Amino acid sequence: MDLDAMFAAVEQRDKVSLRGRPVVVGGVAGRGVVSTASYEARVFGVHSAMPMAQARRLSPFNTAFLSPRFAAYKRTSEAVMQLLAGVSPLIEQVSIDEAYIDLAVTGADLSTRGVTELAHRLKAEIAVATGGVTGSIGAASSKLLAKIGSDLNKPDGLTVIPAGQELAVLHPLPVKRLGGVGPATEQRLHRSGVRTVGDLAAVSLELLVDWFGTAHGTGLFRLARAQDDRPVVNDRETKSVSAEETFDVDLTDPVRLSRELDLLSARVAGRLRANGMTGRTVNIKVRHHDFTTLTRAVTRDQPTDDGRLVGQLARRLLAEIDVSGGIRLLGVGVSTLADFAQDDLFAGTFPEFSITAAEDDDDSGPGEAGVAAPRPPVAEVVAAGEPEEPAPVVWRPGQDVEHDVYGAGWVCGSGLGRVTVRFEGPRTPRGPSHTFAVTDPALRAAEPPEWRDS
């Protein structure tokens, strides 16, 4: 089960004026990256991991560009996972918007007709439980085929692959449908005339190992034959592998910080290899001189245990953070773990990925599962002037707010000391917008709105 463009779908649910409009969620300033684009935005070529500047150039004038609201996404995810737990006691949540459900342990009718009927009911229940956020479902005899099935007919899709028909469904598909095939691997296969999974299945193991190395070549050989016996597991003993360093003197030198990231990445990669594990999500943790702590995360298509690649991605994440004020602690972690490698050995520096970000004040390691810890429901504060001076408030686009007179709403945009808010919610008509001073005492940050009937 994979929720469709979840972040953007939640924004459209909670902001009635955005329904049917292109919505792009991600880092809206500087060198931000698209986290999720609604299907209305995707028709213009906008997609996850795209630089936000490029997304703005491609998008029409009525596109909404919003900062992530992790608290809202987490609440929606919890509603869905609670629903799935009622279907089967064996659920493996692999991200905030995706999970495997093992039906074999439920006693359910496992015929094609029975599974199809169950999936239709589940899709309808998800839409009700989430206030209209849809999910796509793939049902098959393995995780590999179930995942591929969930992607075939998005959005709001359903694909049931009957037992015995796995290869008939798999082999006509382009090779990029396989989880172990990134852009560079796809190009390498295309140069050899391998374009479909069926073409890949005709390539010998020896040749694939020669092209891609033992781990990746063997993985591709097995995937092309639908050989996937991974079980659905409720939980993993290890959620992430991380390392961090607190410095005696706050660091500001980018060269020194990059070197520290490389050392931490090498430590993490060594621990991964020692435990026979790989991971898809690279996280960094940065604590400033004033103990403000931020995390950033990037998720790849394929897992890795390569310390050089981890270091490259960690440096990319650090480039999104202002380090001029000094860094007292730096951490690197890898999560979304797997016990096998399907790395894209011919990948460029930065294959396709999605980025999440958060701010926190705890002492935990870098965020887990590709989704950073949710931001607290307060306005972002940027330090300025002497410590005793109040810091100016910065309102993020899309942020939930409450006004003493107008009630609940969300931030449309801000600048030049003003903030514009539209007052509406998931269960209201399209609302009016008003502009205030950013320091208006009647305006304050709020929790995400409730979409469910009380």
Side-chain angles (χ1 to χ4, degrees), residues 2-70 72-73 95-98 132-134 136 151-157 174 176-177 181-187 190 296-301 312-313 316-317 319-321 344 347-357 370-372 395-399 410-415 420 422 430 433:
D2 187 8
L3 296 177
D4 301 316
M6 179 197 180
F7 289 6
V10 169
E11 298 299 340
Q12 290 175 319
R13 178 198 67 198
D14 290 351
K15 301 170 173 62
V16 63
S17 62
L18 299 185
R19 295 173 188 174
R21 287 176 50 188
V23 174
V24 180
V25 180
V28 297
R31 291 178 290 174
V33 176
V34 174
S35 177
T36 307
S38 70
Y39 286 91
E40 295 88 349
R42 294 183 188 190
V43 300
F44 297 98
V46 181
H47 57 76
S48 298
M50 172 181 286
M52 188 63 76
Q54 182 181 357
R56 290 183 183 276
R57 290 194 295 268
L58 293 173
S59 301
F61 74 95
N62 65 334
T63 302
F65 293 91
L66 307 175
S67 294
R69 296 183 304 133
F70 293 106
Y73 311 148
S95 69
I96 195 170
D97 60 351
E98 185 178 359
V133 177
T134 61
S136 294
D151 289 334
L152 287 179
N153 295 299
K154 276 183 165 290
D156 199 19
K176 66 180 180 180
R177 287 286 188 178
V181 178
T185 296
E186 180 186 21
Q187 292 176 14
H190 283 182
R296 296 290 186 268
V298 51
T299 299
R300 308 180 68 240
D301 286 339
Q312 289 172 352
L313 296 175
R316 172 71 177 268
L317 293 172
E320 301 287 336
I321 298 174
D344 190 348
T349 304
F350 302 112
E352 288 194 1
F353 58 85
S354 59
I355 288 179
T356 58
V371 178
W395 299 99
R396 301 185 303 271
Q399 181 179 0
W410 57 279
V411 174
C412 298
S414 63
T420 299
R422 184 175 292 279
R430 178 188 175 101
S433 60

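Since the model is a prediction, treat every value here as computed from it, not as a measurement.
- Distance CZ/Arg296 to CG/Leu317: 8.5 Å, rounded to 0.5 Å.
- Annotation: side chain of Arg69 is in contact with side chain of Val10 (closest heavy-atom distance under 4.5 Å).
- The side chain to side chain contact (heavy atoms under 4.5 Å, CB included) search around Pro60 returns Pro22, Phe44, Asn62, Thr63, not counting sequence neighbours.
- The side chain to side chain contact (heavy atoms under 4.5 Å, CB included) check on Lys154 picks up Asp2, Asp4, Tyr39, Ser136, Asp151, with sequence neighbours excluded.
- Remark: Ala55 pairs with Val34, Val46, Met50, Met52, Phe65 by the side chain to side chain contact (heavy atoms under 4.5 Å, CB included) rule, at least two apart or across chains.
- Residues Ser59 and Val24 come closest through the heavy atom pair OG-CG2, 4.4 Å.
- Closest approach of Cys412 and Pro397 over heavy atoms only: O-CB, 4.2 Å.
- Side-chain contact between Arg422 and Arg430: present, with at least one pair of heavy atoms (C-beta onward) separated by less than 4.5 Å.
- With values rounded to the nearest 0.5 angstrom, Glu186 atom CD is found 11.5 Å from Arg177 atom CZ.
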Between Glu40 and Gln12, does a side chain to side chain contact (heavy atoms under 4.5 Å, CB included) hold up when you go through it step by step? CA-CA 11 Å; Glu40 295 88 349; Gln12 290 175 319; 3.3 Å; yes
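- A distance of 15.5 Å separates CZ in Phe61 from CZ in Arg56, rounded to the nearest 0.5 Å.
- In this structure, the side chain of Ser38 engages the main chain of Val23 through a donor-acceptor pair within 3.5 Å.
- Panel note: side chain Arg42, backbone Ala37; a donor-acceptor pair is recorded below 3.5 Å.
- Every residue meeting the side-chain hydrogen bond (donor to acceptor under 3.5 Å, both in side chains) condition with Arg13, not counting sequence neighbours, appears here in chain and number order: Thr76.
- Arg396 CZ to Leu66 CG: the interatomic distance, rounded to the nearest 0.5 Å, is 11.5 Å.
- For Thr36, there are no side-chain hydrogen bond (donor to acceptor under 3.5 Å, both in side chains) partners, not counting sequence neighbours.
- Put simply, the side chain of Trp410 reaches to within 4.5 Å of the side chain of Leu18, judged on heavy atoms.
- The CG atom of Asp97 lies 5.5 Å from the CG atom of Leu3; values are rounded to the nearest 0.5 Å.
- Counting heavy atoms from C-beta outward, Gln399 and Ser67 have side chains that stay 4.5 Å or more apart.
- Ring pair Phe70/Phe7 is perpendicular by interplanar angle, where above 60° counts as perpendicular and below 30° as parallel.
- Qualifying side-chain hydrogen bond (donor to acceptor under 3.5 Å, both in side chains) partners for Ser17, counting only residues two or more places apart in sequence or in other chains: Glu424.
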